[in-house]
Every structure is written in structure tokens, then in C-alpha cells.
Amino acid sequence: MKKWNVATVRAAKGNQRLGCCTAYDSCFARLADEAGVPVILVGDSQGMNCLGYETTLPVDMSDTLAAVGAVSRAVRDAMVVGDMPFGSYQCGDDEAVRNAVAILKAGADAVKLEGGASVCGLIRRLTAAGIPVLAHVGMTPQSVNEYGGFKKQGRTREAAEKVFADAKSVEEAGAFAVTLECIPSDLAARITAALGIVTVGIGAGPSCDAQWLVMHDLLGLNEKVPSFVRKYADLAPAVRGAFAAYVREVAAGEFPPA
Ligand code: KIV
């Protein structure tokens, strides 16, 4: 029995703040799980962090299923959420349900998808089919072409009301939690107070019930990170240094030892 699931995440609201992160492979998922990360997101940010893309848009179902399988096979206690990639839920609800089912069959405990009022019909269908949904409003990276870049959302009064209404609507549709990405912290605080479900912030200030950080940012594997990120390690120089030492020692005949 997993320690973290929809019921325990719901029960955390108001009682325990949850530090959650992404992972995309078995090695790091196991380490995050052993460290007590409650919810691991197999984010479509694997596009930038693992697959060398500029955005999340090229990530497809086969990328997602491979990563969800790798992560879920490695964790014991964490809840695993599989991100629905761009194109997997935009072409009709039947196809979206089939793709969400595949993500659960690959090992995820829930799916995440981007959008507010426009995806509420789909959220209702997924939850009715027994597929827990973690929603995602505010800056939704799959809409990068519409925004013209990864830009903070909800800055004007009208835009803030739209984000607020989107958050309310995904709760009403049955989402068990909602990601609030890159919105002003006072708006995130207002949404967190108004909703009965857990808000998971990223670049949305300290008032959310939980936080996401992208694993490569948190560990300092990415040297350039968004301004809201705190690096809890500085692994890029350490990893580069280890590779360089290995190459040097092989060239010098010092490894393997005689
Ligand atoms: O894919 C991802 O990493 C995400 C987080 C930014 C929430 O969606």
C-alpha cells in the first residue's frame, strides 16, 4: 500500500505542506522516494530536461509511457503523477481517456493536464472513469506559442479573475489538486484559501499548500534556472568534474589500476 495517494494528499491541506518534484527515470525517482518526496511528477518538462527540446510540445505518449514506467517501478511510498503530453488530450475526449488509461497502466497513480474551464468536461469523464486528475492553471507551458514565451500569467485584474475562475472550475469538475504555475503570489494565496483541494505552486509564492520544483533545477543539474528556484545542490560542476577526472585518469594510464 503506497503511503501517498489521493486521499492522503487531500488530507494534507491545512495540515502539512508538501515539497514535491519531478523525476523522469528510476535512479532519481528512487532517491526522491527514499528522501520522502510525497508526490513525483513525471512532467512533460522531460522534453527540456532529458530530451533536448526547447519546449514541452514535442513530448509524446511513447516518451511519457517510458518515463512513467521507469519512475513508478522505482518508488515505494510516493504518489506518481503522469503528465499528459501535448496532443494526447486535445483531439477529442475518447482519445484523451484512452491515453490517460495508458498512463495509469504504465504505473502512474494519477494524470496531470493543463487548462481550466476548457478541460472541465474531460476532467469529469476521467474522474468518472476512476482516473484521478491533478489540474494545471495559470502559466500552462503547452500554450507557449499562444503566450509568445513562458510568461507569468494573471497579472491584470481581468487575467487574475480568469485564473481564479479556472481554478474554481477544475475543483468543481473533480480534480483532487491543482498546479498554479507562474502567477502572482497574492493571487495564489487567494486561490489556495478559496479552494478545498490542494494547490501545488511553482513560481506562485509561499502560500500554496504544496510546491513543485523541477528535479534538474532543484539539484543544480541545470545551471540556468528561473528566478523562483532554490538550488538544494550544485551537481552540474560535480558531475562535469567527475567525468573530466575519469577521462584524465584513463588518458594518463591511472585507471584502471595495474
Ligand atoms: O512538466 C512539469 O515539470 C510541470 C511542472 C512545471 C508543474 O508541469
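Computed over heavy atoms, backbone and side chain alike; hydrogens, waters and symmetry mates excluded. Note that ligands are numbered from 1 as they come in the structure, with each ligand's atoms numbered from 1 the same way.
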- Message: Just to check, does Lys112 reach to within less than 4.0 Å of ligand 1 when the distance is taken from its heavy atoms?
- Response: yes

- Item | Sub-4.0 Å heavy-atom contact, Glu114 with ligand 1 | no

- Message: Within ligand 1, which atoms have a heavy atom of Ile202 less than 4.0 Å away?
- Response: 6 (C)

Mind listing the side-chain donor-acceptor pairs of residues 93-102 below 3.5 Å, one per line with the distance, residues two or more places apart or on another chain?
from: Asp94; atom 1: OD1; to: Arg125; atom 2: NH1; distance (Å): 2.7
from: Asp94; atom 1: OD1; to: Arg125; atom 2: NH2; distance (Å): 3.2
from: Asn99; atom 1: ND2; to: Ser88; atom 2: O; distance (Å): 2.9
from: Asn99; atom 1: ND2; to: Glu95; atom 2: O; distance (Å): 3.3

- Note on the structure: Within the 4.0 Å heavy-atom cut-off, what Gln46 brings close to ligand 1 is neither

- For atom 2 (C) of ligand 1, the closest protein heavy atom turns out to be Ser45 OG, 3.2 Å

- Message: Check this for me - ligand 1, Thr22, N or O atoms closer than 3.5 angstrom, yes or no?
- Response: no

- Please say whether Asp83 places an N or O atom under 3.5 Å from an N or O atom belonging to ligand 1. yes

- Note on the structure: When distances are taken from atom 7 (C) of ligand 1, the protein heavy atom at minimum range is Trp212 CD1, 3.4 Å

- Item | Per-atom contacts, ligand 1 versus His136 - under 4.0 Å to a heavy atom | 8 (O)

- Query: Under the 3.5 angstrom rule, does the side chain of Lys162 hit a backbone N or O of Gly138 as a donor-acceptor pair?
  - Reply: no

- Task: Please write down residue, atom name and distance for the protein heavy atom closest to atom 5 (C) of ligand 1.
- Result: Leu41 CD2, 3.8 Å

- Query: Out of curiosity, Glu161 CD to Lys168 NZ, how far, rounded to the nearest 0.5 Å?
  - Reply: 12.0 Å

- Message: If the cut-off is 4.0 Å to any non-hydrogen atom of Gly43, which atoms of ligand 1 fall inside it?
- Response: 1 (O), 2 (C)

- What's the shortest heavy-atom distance between Pro38 and Leu18, and which atoms? CG-CB, 3.9 Å

- On a heavy-atom basis, the closest approach of Val111 and Met84 is CB-CG, 3.9 Å

- Note on the structure: All heavy atoms of Lys231 vs all of Asp217, minimum pair found to be CG-O, 3.5 Å

- Query: When rounded to the nearest 0.5 angstrom, what is the spacing between CG in Leu235 and CD in Glu223?
  - Reply: 10.5 Å

- Query: Of the backbone atoms (N, CA, C, O) and the side-chain heavy atoms from C-beta on, which set of Asp44 has a member under 4.0 Å from an atom of ligand 1: side chain, backbone, both, or neither?
  - Reply: both

- Donor-acceptor pair, side chain of Asn49 and main chain of Ser45, under 3.5 angstrom: yes

- Please lay out, stage by stage, how Leu180 and Thr192 fare under the test side-chain contact (heavy atoms from CB on, under 4.5 Å). CA-CA 9 Å; Leu180 305 178; Thr192 300; 4.2 Å; yes

- Check whether any N or O atom of Glu181, backbone or side chain, sits under 3.5 Å from an N or O atom of ligand 1, and answer yes or no. no

